[in-house]
Student: 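This is the structure I want to talk about, given as structure tokens.
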Amino acid sequence: MIEVKNLTKKYGSNTAVSDLSFTVEKGQIYGFLGPNGAGKSTTMNIMTGYIAPTSGQVLINGHDIVEDGQAARKCIGYLPEIPPVYPEMTVEEYLTFAAGLKKIQEKEMDRMIAEAMDMTGILEVKKRLIRNLSKGFRQRVGLAQAILGYPDIIILDEPMVGLDPKQIIEIRELIKELSKRHTVILSSHILSEVSAICDHIMIIAHGKLVASDTPENLTGLMKGSSSLELTLEGHKEEIRLAMREISRISEYMIKESVDENAVDIELRTKDGEDIRREIFFLCAQRRIPILRMQRTHVSLEDIFLELTEEDEAEKSDQEDKKKHLNLFRKKEKNAAVLADRVKEGKNNDSSL
């Protein structure tokens with residue numbers, strides 16, 4: 001339904017989106033996950049035709065969003081982070097206005113508006129001014145506007161920002177209901193939102209796609225999808241030698257424990273294999289008491305932090321290199337200026 005190809009957006013020297021490519025299939029809820037400033041809103045604004053890309057292409061049901069924008073936008077219902085509602089209008093007046101902008105035929109308009117209000121749960125407030133509605137209801141009005149005309153794709157930018165817990169649950173259930181008839185794409189920087197409702201997650205950091213998979217499969221992107229934490233009684237070197245006997249351990253870390261005469265170990269295995277039985281029999285054979293053994297699984301939070309921190313570290317490293325290069329060039333320039341001054345001084349001396 002949506003193809004994003006090598007999308008890049010620059011604002012002067014700042015790159016908001018960098019060579020982004022992905023596809024969105026029909027009938028699923030997709031989540032854009034990333035920290036603030038990652039490029040989520042910029043990507044959505046390009047996908048909906050609000051801003052033009054610096055380079056790259058977005059196809060909506062085969063229509064290029066730049067070259068064939070009108071046909072592409074007919075396939076999309078969009079709710080920006082701040083709902084584009086008019087406070088001085090009633091809910092019904094606003095949706096009638098939005099339906100007119102979408103060029104919905106008059107004979108279909110009343111029915112579609114009624115269905116949109118019913119689906120989003122705002123029939124009871126249809127005669128009220130939007131300025132008098134709570135934030136949760138204004139969000140629902142924005143959603144009703146987005147689904148008018150039954151577009152194939154609904155794009156929601158931070159749909160639950162600023163809502164209270166009850167409103168978040170209500171909007172979450174509403175999005176799940178919408179996914180039965182529409183493909184839904186939503187952006188968020190809140191992990192619990194995305195993992196609770198999305199079928200597919202795309203993690204973005206600094207304008208780049210760093211991961212794309214189902215919430216369940218994302219754990220496989222990290223080296224060792226589970227780890228084992230142990231507290232063993234004994235000396236560090238003795239236990240280090242014991243760990244080397246288990247070939248399925250890919251990496252481990254040993255440190256002194258708060259327990260007397262004991263060490264704490266955190267280890268990972270190849271492909272997340274469970275080696276607790278092997279550890280038990282090895283320790284029994286070597287007469288090493290096991291004080292604690294706990295298997296921990298990688299969470300979506302762990303994956304998000306590892307992927308975004310790696311990208312942040314890469315960016316920091318590049319900035320450090322840039323600073324060093326600028327410093328080197330400055331020193332080089334200063335040396336050249338000094339050499340010119342010395343040369344000029346010698347020339348002045350020789351003319352005396």
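When reading the values below, keep in mind they use all heavy atoms of this one structure, side chains included, and skip hydrogens, waters and symmetry mates. Just so you know, residue 1 is the first one in the sequence shown, and it goes up from there.
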Student: Rounded to the nearest 0.5 Å, how far does OG of Ser179 lie from OH of Tyr30?
Tutor: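 Between atom OH of Tyr30 and atom OG of Ser179 there are 12.5 Å.
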
Student: Applying the 4.5 Å side-chain criterion to the ILVMFWY set and letting contacts propagate, would Ile171 and Ile169 be lumped into a single cluster?
Tutor: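 No; Ile169 is not reachable from Ile171 via cluster members.
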
Student: Between the side chains of Glu92 and Lys127, is the shortest nitrogen-to-carboxylate-oxygen separation below 4.0 Å, so that they form an ion pair?
Tutor: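 Answer for the salt bridge query: yes.
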
Student: Distance-only, no hydrogens or angles: does the Thr183 side chain make a donor-acceptor pair with backbone N or O of Gly27 under 3.5 Å?
Tutor: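 Yes; at least one donor-acceptor contact below 3.5 Å.
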
Student: Are Asp164 and Lys166 close enough for a salt bridge, meaning some N to O gap below 4.0 Å?
Tutor: no

Student: What pair of heavy atoms forms the shortest contact from Val210 to Ala205, and how long is it?
Tutor: CG1-CB, 4.3 Å

Student: Can you hop from Val91 to Leu101 via hydrophobic side chains spaced under 4.5 Å?
Tutor: yes

Student: Any side-chain to backbone donor/acceptor pair from Ser250 onto Arg268? Under 3.5 Å, distance only.
Tutor: yes

Student: Could you check whether the rings of Tyr94 and Tyr86 sit parallel, tilted or perpendicular, using 30° and 60° as the cut-offs?
Tutor: tilted

Student: Apply side chain to side chain contact (heavy atoms under 4.5 Å, CB included) to Gln70 and Lys103, showing your working.
Tutor: CA-CA 12 Å; Gln70 189 172 356; Lys103 298 182 180 179; 3.9 Å; yes

Student: Would you mind reporting whether Ile279 and Met243 have side-chain heavy atoms less than 4.5 Å apart?
Tutor: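 Yes, their side chains come closer than 4.5 Å.
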
Student: Tell me the closest heavy-atom pair linking Asp68 and His63, and the distance in Å.
Tutor: OD2-ND1, 3.1 Å

Student: Measure the spacing between CD of Glu81 and CE of Met44 and express it to the nearest 0.5 Å.
Tutor: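 CE of Met44 is found 10.5 Å from CD of Glu81.
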
Student: With a 4.5 Å cut-off on side-chain heavy atoms, are Asp264 and Ile254 touching?
Tutor: no

Student: Heavy atoms only: give me the nearest Gly39-Val17 pair and the separation to one decimal.
Tutor: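 Of all heavy-atom pairs spanning Gly39 and Val17, the closest is O-CG2, 3.9 Å.
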
Student: Are the side chains of Val58 and Pro53 in touch, meaning some heavy atoms are under 4.5 Å apart?
Tutor: no

Student: Between Thr269 and Leu228, does a side chain to side chain contact (heavy atoms under 4.5 Å, CB included) hold up when you go through it step by step?
Tutor: CA-CA 8 Å; Thr269 58; Leu228 192 63; over 6 Å; no

Student: With a 4.5 Å heavy-atom cut-off, do Ile122 and Leu143 have their side chains touching?
Tutor: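 Of all side-chain heavy-atom pairs linking Leu143 with Ile122, none is under 4.5 Å.
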
Student: To the nearest 0.5 angstrom, please state how far the CD atom of Glu229 sits from the CE atom of Met253.
Tutor: 9.0 Å

Student: For Leu133, is there any backbone N or O sitting under 3.5 Å from a side-chain donor or acceptor partner on Arg138?
Tutor: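 Confirmed, Arg138 side chain pairs with Leu133 backbone.
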
Student: Is it possible for you to say whether Leu59 and Met1 belong to one hydrophobic cluster, with membership spreading through side-chain heavy-atom contacts below 4.5 Å?
Tutor: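 Different hydrophobic clusters.
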
Student: Are Tyr50 and Tyr78 near enough that their ring centres are under 6.0 Å apart?
Tutor: yes

Student: Could you report the tightest heavy-atom contact between Leu129 and Pro87, atom names first, then the distance?
Tutor: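 Scanning both residues completely, I find the closest heavy atoms to be CB-O, 4.1 Å.
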
Student: Please round to the nearest 0.5 Å and tell me the distance separating atom CD1 of Ile249 and atom CD1 of Ile275.
Tutor: 4.0 Å

Student: Taking C-beta and beyond as the side chain, do Glu25 and His200 meet within less than 4.5 Å on heavy atoms?
Tutor: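 With C-beta onward as the side chain, the pair stays apart.
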
Student: Same hydrophobic cluster for Phe97 and Met117, using side-chain heavy-atom links shorter than 4.5 Å among ILVMFWY?
Tutor: yes

Student: To check you understand the geometry: which heavy-atom pair defines the closest contact between Met119 and Leu174, and what is its length?
Tutor: O-CD1, 3.1 Å

Student: For Ile246, look at atom CD1 and say whether over 12 heavy atoms of other residues, nucleotides or ligands are found less than 6.0 Å away.
Tutor: yes

Student: Do side-chain atoms of Ser187 reach the backbone of Asp157 as a donor and acceptor pair under 3.5 angstrom?
Tutor: no

Student: Would you confirm whether Lys26, through its side chain, and Ile153, through its main-chain N or O, come within 3.5 Å as a donor-acceptor pair?
Tutor: no

Student: With a 4.5 Å heavy-atom cut-off, do Ile204 and Leu209 have their side chains touching?
Tutor: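 The answer is yes, as the side chains (C-beta and beyond) meet within the 4.5 Å cut-off.
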
Student: Strictly distance-based, threshold 3.5 Å: is any side-chain N or O of Lys102 a donor or acceptor partner for the main-chain N or O of Leu148?
Tutor: yes

Student: Verify, without hydrogens or angle tests, whether Thr54 (side chain) and Lys10 (backbone) share a donor-acceptor contact under 3.5 angstrom.
Tutor: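 Pair found, side chain donor or acceptor close to backbone of Lys10.
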
Student: Whether the side chain of Gln145 engages the backbone of Gly142 through a donor-acceptor N/O pair (distance < 3.5 Å, no angle test) should be reported.
Tutor: yes

Student: Please report the closest heavy-atom contact between Pro151 and Ile154, naming both atoms and the distance.
Tutor: CG-CG1, 4.5 Å

Student: Are side-chain heavy atoms of Arg248 and Glu278 found at a separation under 4.5 Å?
Tutor: yes

Student: Is a donor from one side chain sitting under 3.5 angstrom from an acceptor on the other, for Gln57 and Asp64?
Tutor: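 Looking only at side-chain atoms, Asp64 and Gln57 do form a donor-acceptor pair, the distance falling under 3.5 Å.
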
Student: Can Tyr11 be reached from Ile46 by stepping across I, L, V, M, F, W or Y side chains whose heavy atoms are under 4.5 Å apart?
Tutor: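 Ile46 and Tyr11: one cluster.
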
Student: Donor-acceptor pair, distance only, cut-off 3.5 Å: does the side chain of Lys236 make one with the backbone of Lys255?
Tutor: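 The answer is no, because no donor-acceptor pair under 3.5 Å joins these two groups.
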
Student: Rounded at 0.5 Å granularity, tell me how far CD1 in Ile175 sits from CG in Leu79.
Tutor: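 Here the rounded value is 9.0 Å.
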
Student: What verdict does the side chain to side chain contact (heavy atoms under 4.5 Å, CB included) test give for Met202 and Asp213, after you've listed the backbone C-alpha separation in whole Å, the side-chain angles of each residue and the deciding distance to 0.1 Å?
Tutor: CA-CA 7 Å; Met202 291 178 281; Asp213 212 326; over 6 Å; no

Student: Can you confirm whether Glu88 is buried at CD, in the sense that more than 12 heavy atoms of other residues, nucleotides or ligands lie under 6.0 Å from that atom?
Tutor: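 More than 12 heavy atoms, drawn from other residues, nucleotides or ligands, come within 6.0 Å of this atom.
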
Student: Roughly how far, to the nearest 0.5 Å, is CG of Leu282 from CD1 of Ile288?
Tutor: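 Going from CD1 on Ile288 over to CG on Leu282, the span is 6.5 Å.
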
Student: Do Ile185 and Met47 make a side-chain contact, defined as non-hydrogen atoms from C-beta onward lying under 4.5 Å apart?
Tutor: yes

Student: Please check if atom CZ in Arg111 has more than 12 non-hydrogen atoms from other residues, nucleotides or ligands closer than 6.0 Å.
Tutor: yes

Student: Could you go step by step and tell me if Arg292 and Ser257 meet the side chain to side chain contact (heavy atoms under 4.5 Å, CB included) rule?
Tutor: CA-CA 11 Å; Arg292 179 178 66 96; Ser257 175; over 6 Å; no

Student: Give a yes or no on whether the backbone of Gly56 and the side-chain of Asn6 come within a donor-acceptor separation of less than 3.5 Å.
Tutor: no

